[in-house]
Amino acid sequence: MTSTRHAAWVLLAACVISPAANATLGGDIASVAQDRTLAKAALRAQPSRLYTVFESQNESGTLIREYAGVDGKIFAVAWSGPLMPDLRQLLGPYFPQYIANSGERKSGHSSRNARHGDLVVHSGGRMRAFSGKAYLESAIPKGVEIDGL
(Lines give C-alpha, C1' and ligand atoms only; values in the text may rest on other atoms or scores of the structure.)
Protein backbone atom coordinates (compact mmCIF):
# COMPACT_ATOMS: atom_id res chain seq x y z
CA MET A 1 0.00 0.00 0.00
CA THR A 2 1.45 3.40 -0.95
CA SER A 3 2.05 5.95 1.77
CA THR A 4 -0.64 8.27 0.39
CA ARG A 5 -3.19 5.48 0.37
CA HIS A 6 -2.10 4.58 3.87
CA ALA A 7 -2.61 8.24 4.92
CA ALA A 8 -6.14 8.21 3.47
CA TRP A 9 -6.96 5.01 5.40
CA VAL A 10 -5.58 6.51 8.60
CA LEU A 11 -7.84 9.54 8.07
CA LEU A 12 -10.90 7.36 7.56
CA ALA A 13 -10.09 5.44 10.74
CA ALA A 14 -9.57 8.73 12.58
CA CYS A 15 -13.05 9.88 11.57
CA VAL A 16 -14.43 6.96 13.53
CA ILE A 17 -11.91 6.55 16.35
CA SER A 18 -10.74 10.08 17.24
CA PRO A 19 -13.64 12.55 17.41
CA ALA A 20 -12.00 14.64 20.16
CA ALA A 21 -8.84 15.54 18.22
CA ASN A 22 -8.26 19.00 16.80
CA ALA A 23 -6.57 19.45 13.40
CA THR A 24 -4.04 22.23 13.24
CA LEU A 25 -0.98 23.31 11.38
CA GLY A 26 1.83 21.03 12.51
CA GLY A 27 -0.69 18.43 13.76
CA ASP A 28 -1.28 15.05 12.17
CA ILE A 29 -3.84 13.65 9.75
CA ALA A 30 -5.60 11.73 12.49
CA SER A 31 -6.91 15.10 13.68
CA VAL A 32 -8.35 16.29 10.36
CA ALA A 33 -11.69 14.64 11.18
CA GLN A 34 -12.33 17.12 14.00
CA ASP A 35 -12.05 20.08 11.62
CA ARG A 36 -14.70 18.47 9.45
CA THR A 37 -16.96 17.95 12.46
CA LEU A 38 -16.50 21.46 13.88
CA ALA A 39 -17.07 23.08 10.50
CA LYS A 40 -20.03 20.79 9.72
CA ALA A 41 -18.36 20.08 6.41
CA ALA A 42 -17.90 17.23 3.99
CA LEU A 43 -14.35 15.93 3.68
CA ARG A 44 -12.50 14.76 0.58
CA ALA A 45 -8.95 13.40 0.38
CA GLN A 46 -6.76 13.84 -2.72
CA PRO A 47 -3.55 11.82 -2.41
CA SER A 48 -0.49 12.52 -4.52
CA ARG A 49 3.07 11.19 -4.48
CA LEU A 50 4.43 13.92 -2.14
CA TYR A 51 1.42 14.83 0.00
CA THR A 52 -2.31 14.39 0.55
CA VAL A 53 -4.78 17.27 0.41
CA PHE A 54 -7.79 17.07 2.69
CA GLU A 55 -10.54 19.42 1.49
CA SER A 56 -13.62 20.42 3.39
CA GLN A 57 -16.24 23.04 2.68
CA ASN A 58 -18.25 24.43 5.55
CA GLU A 59 -21.87 25.61 5.54
CA SER A 60 -20.83 29.17 4.64
CA GLY A 61 -19.07 27.91 1.51
CA THR A 62 -15.49 28.44 2.65
CA LEU A 63 -13.16 25.79 1.26
CA ILE A 64 -10.38 24.66 3.61
CA ARG A 65 -7.45 22.57 2.39
CA GLU A 66 -5.06 20.85 4.77
CA TYR A 67 -1.84 19.48 3.28
CA ALA A 68 -0.24 16.45 4.93
CA GLY A 69 3.16 15.07 4.02
CA VAL A 70 3.80 11.34 3.73
CA ASP A 71 4.84 11.47 7.40
CA GLY A 72 1.23 12.37 8.24
CA LYS A 73 2.00 15.88 9.54
CA ILE A 74 0.03 18.92 8.37
CA PHE A 75 2.62 21.23 6.77
CA ALA A 76 0.22 23.77 5.24
CA VAL A 77 -3.38 24.96 5.32
CA ALA A 78 -5.18 27.13 2.77
CA TRP A 79 -8.64 28.65 2.54
CA SER A 80 -10.89 30.54 0.15
CA GLY A 81 -14.48 31.61 0.40
CA PRO A 82 -17.03 34.15 1.56
CA LEU A 83 -16.02 34.04 5.25
CA MET A 84 -12.69 33.70 7.05
CA PRO A 85 -12.20 30.31 8.70
CA ASP A 86 -11.38 30.03 12.40
CA LEU A 87 -7.65 30.75 12.22
CA ARG A 88 -7.27 29.99 15.91
CA GLN A 89 -8.35 26.43 15.09
CA LEU A 90 -6.35 26.09 11.85
CA LEU A 91 -3.12 27.56 13.22
CA GLY A 92 -3.43 25.96 16.65
CA PRO A 93 -0.31 26.61 18.75
CA TYR A 94 1.00 28.99 16.04
CA PHE A 95 -1.98 31.37 16.35
CA PRO A 96 -0.38 33.60 19.04
CA GLN A 97 2.71 34.01 16.83
CA TYR A 98 0.47 35.00 13.93
CA ILE A 99 -1.34 37.65 15.97
CA ALA A 100 1.85 39.02 17.53
CA ASN A 101 3.68 39.18 14.20
CA SER A 102 0.93 39.94 11.71
CA GLY A 103 3.32 42.24 9.90
CA GLU A 104 2.48 44.36 6.94
CA ARG A 105 -1.08 45.39 6.16
CA LYS A 106 -2.12 46.66 2.79
CA SER A 107 -4.78 49.34 2.59
CA GLY A 108 -8.03 48.86 0.69
CA HIS A 109 -8.36 45.14 1.22
CA SER A 110 -7.91 43.28 4.44
CA SER A 111 -4.48 41.72 4.07
CA ARG A 112 -1.99 40.28 6.52
CA ASN A 113 1.41 38.78 5.86
CA ALA A 114 3.19 37.32 8.83
CA ARG A 115 6.47 35.54 9.22
CA HIS A 116 7.80 34.33 12.53
CA GLY A 117 10.50 31.71 12.56
CA ASP A 118 9.14 28.69 10.71
CA LEU A 119 5.58 30.05 10.35
CA VAL A 120 4.50 31.95 7.23
CA VAL A 121 0.93 33.26 6.79
CA HIS A 122 -0.57 35.14 3.85
CA SER A 123 -4.19 36.15 4.33
CA GLY A 124 -6.35 38.64 2.54
CA GLY A 125 -9.57 39.52 0.89
CA ARG A 126 -12.69 41.55 1.23
CA MET A 127 -16.27 40.82 2.16
CA ARG A 128 -17.37 37.51 0.56
CA ALA A 129 -13.94 36.87 -0.99
CA PHE A 130 -11.29 35.77 1.51
CA SER A 131 -8.31 33.57 0.85
CA GLY A 132 -5.00 32.69 2.36
CA LYS A 133 -2.51 30.06 3.32
CA ALA A 134 -0.24 29.24 6.22
CA TYR A 135 2.68 26.86 6.25
CA LEU A 136 5.69 25.71 8.21
CA GLU A 137 8.76 26.23 6.02
CA SER A 138 10.80 23.43 7.55
CA ALA A 139 7.94 20.92 7.14
CA ILE A 140 7.40 21.40 3.40
CA PRO A 141 8.25 18.08 1.70
CA LYS A 142 11.14 18.13 -0.77
CA GLY A 143 9.83 18.71 -4.28
CA VAL A 144 6.71 20.64 -3.21
CA GLU A 145 6.40 24.21 -4.46
CA ILE A 146 4.45 26.20 -1.88
CA ASP A 147 3.20 28.63 -4.54
CA GLY A 148 1.44 25.73 -6.21
CA LEU A 149 -0.74 24.99 -3.18
Side-chain angles (χ1 to χ4, degrees), residues 3-4 6-8 10-11 13-15 17-48 50-107 109-127 129-149:
S3 58
T4 53
H6 176 71
V10 170
L11 172 68
C15 289
I17 297 169
S18 177
N22 195 11
T24 62
L25 185 62
D28 59 32
I29 62 171
S31 62
V32 173
Q34 180 64 18
D35 270 355
R36 178 193 57 79
T37 303
L38 290 174
K40 297 179 183 172
L43 182 67
R44 183 175 71 165
Q46 299 176 339
S48 76
L50 300 173
Y51 58 87
T52 299
V53 181
F54 298 99
E55 286 188 351
S56 60
Q57 188 167 20
N58 62 21
E59 292 174 329
S60 71
T62 299
L63 179 66
I64 298 171
R65 294 176 304 282
E66 295 171 289
Y67 298 84
V70 294
D71 62 356
K73 299 293 181 191
I74 307 296
F75 66 88
V77 294
W79 58 91
S80 61
L83 297 176
M84 284 290 293
D86 181 355
L87 292 184
R88 184 177 307 273
Q89 179 185 352
L90 287 180
L91 300 181
Y94 298 97
F95 184 75
Q97 292 175 10
Y98 167 68
I99 293 301
N101 299 289
S102 56
E104 65 184 79
R105 285 180 176 240
K106 297 178 182 174
S107 61
H109 294 252
S110 172
S111 179
R112 278 188 166 178
N113 293 304
R115 178 180 292 269
H116 181 73
D118 205 25
L119 174 68
V120 178
V121 181
H122 302 288
S123 178
R126 56 182 166 68
M127 191 172 8
F130 293 97
S131 64
K133 64 183 164 188
Y135 55 92
L136 300 172
E137 284 187 309
S138 67
I140 299 169
K142 291 184 191 258
V144 173
E145 293 292 327
I146 202 68
D147 291 335
L149 302 182

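All residue numbers refer to positions in the sequence shown, counting from 1. Just so it is clear, the model here is predicted, and its values are computed rather than measured.
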**Request:** Measure the shortest side-chain to side-chain distance between Trp79 and Ser123 over non-hydrogen atoms and say whether it is less than 4.5 angstrom.
**Result:** yes
**Request:** State which residue, out of Val120, Leu25, Leu90, Leu91, fulfils the side-chain contact (heavy atoms from CB on, under 4.5 Å) condition with Tyr98.
**Result:** Leu91
**Prompt:** Is any side-chain heavy atom of Ile74 less than 4.5 Å from a side-chain heavy atom of Ile29?
**Reply:** yes
**Fill in**
Heavy atoms of Pro93 and Pro96 approach each other most closely as O-CD, 3.5 Å
**Over all atoms of both residues, closest heavy-atom pair of Pro82 and Ser60** = CG-O, 2.9 Å
**Request:** Taking the side chain as every heavy atom from C-beta outward, state whether Glu59 and Leu83 have any atom pair closer than 4.5 Å.
**Result:** no
**Message:** So, taking the atom named CZ in Arg65 and the one named OG in Ser56, what distance separates them when rounded to the nearest 0.5 Å?
**Reply:** 10.0 Å
**Worked verdict on Leu149 versus Val53 for side chain to side chain contact (heavy atoms under 4.5 Å, CB included)** = CA-CA 9 Å; Leu149 302 182; Val53 181; over 6 Å; no
**Prompt:** Looking at Phe75 and Gly69, what are the two nearest heavy atoms and their distance?
**Reply:** CD2-N, 3.6 Å
**Asked** How long is the span from the CD1 atom in Ile140 to the CD atom in Glu145, to the nearest 0.5 Å?
**Response** 9.0 Å
**Minimal non-hydrogen separation, Phe54 against Ala68, with atom names** = CE1-CB, 3.9 Å
**Request:** Using the six-membered ring wherever Trp is involved, compare the ring planes of Tyr135 and His122 and label them parallel, tilted or perpendicular (cut-offs 30° and 60°).
**Result:** tilted
**Item:** Atom pair CD1/CZ of Ile99 and Arg112 - distance to nearest 0.5 Å
**Value:** 5.0 Å
**Asked** Between Tyr51 and Tyr67, how do the two ring planes meet: parallel, tilted or perpendicular, split at 30° and 60°?
**Response** perpendicular
**Message:** Could you report the tightest heavy-atom contact between Gly26 and Lys73, atom names first, then the distance?
**Reply:** O-CD, 4.0 Å
**Message:** As a quick check of understanding, evaluate side chain to side chain contact (heavy atoms under 4.5 Å, CB included) for Lys133 and Asp147, giving each step before the final call.
**Reply:** CA-CA 10 Å; Lys133 64 183 164 188; Asp147 291 335; 4.0 Å; yes
**Nearest-0.5 Å distance that lies between atom CD in Glu66 and atom OG1 in Thr24** = 8.5 Å
**Request:** Could you grab the distance from atom OG1 of Thr62 to atom CD of Gln57, nearest 0.5 Å is fine?
**Result:** 8.0 Å
